[in-house]
Q: 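Just dropping this structure here.
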Amino acid sequence: MEAKRIREFEWRIEPQGMMRVPAVLYASPELIRKMDGKVYEQITNVASLPGIEKAAYAMPDAHWGYGFPIGGVAAFDPEQGGVVSAGGVGFDISCGVRTLLS
């Protein structure tokens, strides 16, 4: 999966296959090169989930997680079939990530 450089620290994977939105990664070129291939696989899987809004994001610390990369961020619209992803809410080391309902 190829990420195209958009800005100095912003990379984008355009929707392909089942992706509903693009995947956006924030990292230096060095960090992008060091990211495990599972990060790309997982962030594009997140971009394929029902009800996802705008994009699936991966922060500079992104690494392989439980279906959703650690350091991944996504918003979902329940009226569009959105989901709550346990992997996205966080259960790795009690990192303090929470679900926000508005």
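Counting begins at 1 with the first residue of the sequence. All of these numbers come straight from a predicted model, not from anything done at the bench.
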Q: Any chain of hydrophobic side-chain contacts (each under 4.5 Å) joining Met19 to Met35?
A: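 Per the 4.5 Å side-chain linkage, Met19 and Met35 are co-clustered.
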Q: Pairs in or reaching into residues 27-38: which pass salt bridge (charged side-chain N to carboxylate O under 4.0 Å, His left out), with residues at least two apart or in two chains?
A: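 Every salt bridge (charged side-chain N to carboxylate O under 4.0 Å, His left out) pair that includes a residue of residues 27-38, provided the two are not neighbours, is Glu30-Lys34, Lys38-Glu41.
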Q: Just how far is it from atom CE of Met59 to atom CD1 of Ile43, taken to the nearest 0.5 Å?
A: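 Separation between the atoms: 8.0 Å.
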Q: Going by heavy atoms in the side chains, are Pro50 and Phe76 under 4.5 Å from each other?
A: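 Pro50 does not reach Phe76 side chain to side chain.
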Q: Does any pair with a residue in residues 45-56 pass side chain to side chain donor-acceptor pair (under 3.5 Å), and if so which ones, sequence neighbours excluded?
A: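 Applying side chain to side chain donor-acceptor pair (under 3.5 Å) to every pair that reaches into residues 45-56, excluding sequence neighbours, yields nothing.
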Q: Please name the pair of heavy atoms, one in Tyr40 and one in Ala3, separated by the smallest distance, quoted to 0.1 Å.
A: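 Residues Tyr40 and Ala3, closest heavy atoms: CE2-CB, 4.1 Å.
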Q: Could you pull out the closest heavy-atom pair between Pro22 and Pro15, with the gap in Å?
A: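 Minimum heavy-atom contact is N-CG, 3.6 Å.
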Q: Drop me the distance from Arg7's CZ to Tyr26's OH, to the nearest 0.5 angstrom.
A: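 Going from the CZ atom of Arg7 to the OH atom of Tyr26 covers 7.0 Å.
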Q: Tell me the salt bridge (charged side-chain N to carboxylate O under 4.0 Å, His left out) pairs involving residues 60-75, sequence neighbours left out?
A: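 Found none.
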Q: Using every non-hydrogen atom in the two residues, find where His63 and Gln42 come nearest and quote the distance to one decimal.
A: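 Looking at all heavy atoms of both residues, the shortest contact is O-OE1, 4.4 Å.
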Q: As an exercise, state the distance from CD1 of Ile13 to OG1 of Thr44, rounded to the nearest 0.5 Å.
A: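 Rounded to the nearest 0.5 Å, the CD1-OG1 separation comes out at 6.0 Å.
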Q: Does a salt bridge link Glu2 with Lys4, judged by any charged N lying under 4.0 Å from a carboxylate O?
A: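 The answer is no: the pair does not qualify as a salt bridge.
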Q: Please find the pair of heavy atoms, one from Val46 and one from Ala56, that lie closest to each other, and give the distance.
A: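 Residues Val46 and Ala56, closest heavy atoms: CG1-CB, 3.8 Å.
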Q: Is it true that Tyr57 and Ile52 fall in one hydrophobic cluster, defined by side-chain heavy atoms closer than 4.5 Å?
A: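 Shared cluster, no.
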Q: Where do Val21 and Ala55 come nearest, in terms of heavy atoms and distance?
A: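 Looking at all heavy atoms of both residues, the shortest contact is CG2-CA, 3.6 Å.
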Q: Measure the spacing between CZ of Arg5 and CG of Leu25 and express it to the nearest 0.5 Å.
A: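 Arg5 CZ to Leu25 CG: 13.0 Å, rounded to 0.5 Å.
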Q: So which heavy atom on Val73 is nearest to which on Phe68, and how close?
A: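 That would be N-CE2, 3.9 Å.
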